[in-house]
Amino acid sequence: MPKKLRGRATALAATAAALILVLTACGGEEPAETGVGFEDCLTEPTTCNSGPRAEGGDLVWAVGGKWEAWGQADIYGSSLSTSIINQPLRPTVFTYDQNGEIHYNDGIYSEGPELLSEAPLTVAYHLKPEATWGEGTPIGLDDFLWHWKATSTDDAQCAGCTPATEYGSHIASIEQGEGDTIVVTYQDGYLDAEWYAAQVITHPAHIAEARGHADWRTDPEVMAASVADFSENPPLDYSAGPFKMVEGALGDYAKYVPNPEWTGSQQSTLDSLTLKYIEGADAMATELRQGTVDGAAPASFDPEILDQLAADPELKYSVAPQSGWSHIDANFDNPFLAEEPLRRAVFTAINADEINARAYGTAFEDTETMTNVLFRPGSEYHTDQIGDSGLGSGDQEAARAILTEAGYTWDGDALLTPEGEPVSLRFRTGIEGEAFTPIIQDLVITYLGDLGIDVKTDPIPGGELNTVLEARDWDLILFSWIETPLFASSAADYWGEGNHTGFQDDEVDAIVAELATTLDRDKAAELNNRAAQISLDHAVQLPLAWTPQLVMVNRDVVNVRDNWATTMRVFYNVGEWGYLDENAEG
């Protein structure tokens, strides 16, 4: 997924070798105006909006996505919203900055992961001896073992679990190495070109025991219960990050204070940090102007808000494309869309250029229509996967010709299947708090209406996208994957077994299997491109654009800046946020 919102998500960071996705707003070809107060992001993307921090302060940040779970190990906790709400305390392995440079988590690891062997793939993780779970207990072997079981996809390890990733299904053993080193050995024949990016721990095993799940090692039902426990209950009793959570209500807010046991380089100067759910960029901006919140980075916004922000001298803001890419997908479980000619006609009738210009282009005029779902133009891996296929062209005549050739007819304006059944589709979008989505929704209804398809809309309630995707409770759906330059697992996540659309293709399955047998990143890119091309050839989805996103903060908030190279965006360096010390020298 999770891209994700990320479904069955890919890894959460980016690789230094993959500057392929760097965006025009921070270091690309023709930088666009980013707003007010963030102008230095054009030339200094990793340090813009920096400054000396004052000691203390209670910073309140608005988040725009409701989280359905607290845990990070199962599919319900794999959403971007859950990842963000946990970012101040979760045990990440690394992140990447806006220049594509890797930064390993120096609060947990003494150095980056080490490749010990390719056959079998064996990786060493060097823990800092002083790395703890925030209450005195060191991070160690049991935490790696717990995560292995939680993501094993094996009922004999975790009964009935639905893991966020399949990491554990490839593990052969995890053992204590010399000193504070943990050695992870993968199954014979399994390789991963992005082996250094695996998320290897999520939750503390000893807290699972303290919460009543002492037999997690030997009883798969108890193991499953511990996963559910972490998902259902806030992490008030542990932290592996610069903050500790002290209060929290699911889908509402989470309050943090600095973690006194944290030894990483990101050291907070704040007294507290509160992440508060606020629906919609307009409401966020209102509370920002009123001083009840200090900043926000909504996923969508009405461009009219920019004039309001620019007129307020107490605020700073930035607009630029980031890591989310929007797309419209077809559900293969739907009897109409199970037929490729209809899918192809639908995606031919939709005009992607017009959608991008009338929706995203109002906020960032240089928004580009995607021609490759994995790599941007200018990347060494980019190929034009749309070409002359007609997908996204808005060519109604071509769309009708596809249908006519396949035996479809029209009764007046209504499209009929070859069997004479009127075609109707349910189009679902997450419209709450979204500004671009209603524009896109109306355009799609018009395009498909002109084709003779009756389109019914069914908004996705806030915070329920993952649930809707998992249940395939939609015919057509619009949402964004939150992507990073990590791509080795994309074919498996997007189009492999159990993907959210129901698409299945033997060649794609073979590609997924082959990807698990190579450490060659160039080969992985080629294979993923091939899988993406197959999906487009079968009209599985229609890519739209890398979407512009907004950051807005009070003028005295420093060290907050957007980051295209991670799903966490501004939260990649949350431990460094603070208030400007106006009395500091220099």
Side-chain angles (χ1 to χ4, degrees), residues 5 299-300 302-303 324-363 367-371 373 386 389-400 402-403 408 410 413-415 422-461 465 468-469 472-481 500-501 503 535-536 538-548:
L5 163 91
S300 182
D302 189 329
W325 62 277
S326 61
H327 50 98
I328 300 172
D329 296 355
N331 186 350
F332 280 57
D333 290 347
N334 176 272
F336 296 120
L337 294 172
E339 303 301 324
E340 183 173 321
L342 181 64
R343 298 196 305 273
R344 178 165 299 282
V346 163
F347 291 148
T348 298
I350 294 173
N351 190 324
D353 284 344
E354 183 177 35
I355 283 176
N356 293 333
R358 293 181 60 179
Y360 306 123
T362 57
T367 298
E368 295 184 62
T369 298
M370 296 174 65
T371 57
V373 300
I386 300 296
S389 67
L391 297 178
S393 65
D395 189 334
Q396 288 282 334
E397 289 186 10
R400 285 178 173 262
I402 292 169
L403 294 170
Y408 289 77
W410 284 263
D413 292 332
L415 177 65
V423 177
S424 63
L425 297 173
R426 187 167 59 122
F427 184 32
R428 304 205 68 180
T429 63
I431 208 166
E432 291 183 23
E434 300 289 332
F436 304 130
T437 301
I439 299 172
I440 299 172
Q441 179 176 278
D442 288 346
L443 287 170
V444 169
I445 292 171
T446 299
Y447 300 141
L448 300 190
D450 289 346
L451 199 59
I453 298 174
D454 177 29
V455 179
K456 295 180 173 60
T457 60
D458 185 4
I460 301 170
L465 177 56
V468 169
L469 287 173
R472 291 188 193 154
D473 186 17
W474 47 280
D475 298 338
L476 293 172
I477 192 167
L478 167 72
F479 69 101
S480 292
W481 285 125
H500 70 286
T501 68
F503 169 64
S535 76
L536 289 169
H538 287 283
V540 176
Q541 64 192 171
L542 177 66
L544 296 176
W546 297 87
T547 56

How long is the span from the [atom1] atom in [X] to the [atom2] atom in [Y], to the nearest 0.5 Å?
X	Y	atom1	atom2	answer
Met370	Trp546	CE	CH2	5.0 Å
Ile440	Asn356	CD1	CG	7.5 Å
Phe436	Leu544	CZ	CG	12.5 Å
Ile439	Asp302	CD1	CG	7.5 Å
Arg400	Glu397	CZ	CD	9.5 Å
Leu469	Phe479	CG	CZ	4.5 Å

Are side-chain N/O atoms of Thr369 and Asp353 paired as donor and acceptor at under 3.5 Å?
-> yes

Chi angles and distances behind the side-chain contact (heavy atoms from CB on, under 4.5 Å) call for Leu476, Asn334 = CA-CA 9 Å; Leu476 293 172; Asn334 176 272; over 6 Å; no

For the residue pair [X] and [Y], what are the closest heavy atoms and their distance?
X	Y	value
Ala338	Arg343	O-NH1, 3.2 Å
Leu403	Pro341	CD2-O, 4.0 Å
Trp325	Pro543	CZ3-CB, 4.2 Å
Gly430	Thr437	O-OG1, 4.1 Å
Asp329	His327	OD1-ND1, 2.7 Å
Tyr360	Ser326	OH-OG, 3.0 Å

[Y] side chain reached by [X] side chain, heavy atoms, under 4.5 Å:
X	Y	value
Leu478	Phe427	yes
Phe347	Leu536	no
Ile453	Leu342	yes
Ile355	Val444	yes
Val423	Leu451	no
Leu448	Leu415	no
Leu443	Asn351	no

Check whether the ring centres of His538 and Phe332 lie less than 6.0 Å apart, and answer yes or no.
-> no

With Gln541, which of Val373, Ile328, Thr501 fulfils side chain to side chain contact (heavy atoms under 4.5 Å, CB included)?
-> Val373

Residues, nucleotides or ligands: over 12 heavy atoms within 6.0 Å of Arg358 CZ | no

Are Asp475 and Lys456 within salt-bridge range, i.e. N to O under 4.0 Å?
-> no

Contacts satisfying side chain to side chain donor-acceptor pair (under 3.5 Å) that involve residues 440-450 (not counting sequence neighbours) are Glu354-Tyr447, Thr429-Gln441

Looking at Asp473, Asn331, Thr457, which one forms a side-chain hydrogen bond (donor to acceptor under 3.5 Å, both in side chains) with Arg428?
-> Asp473

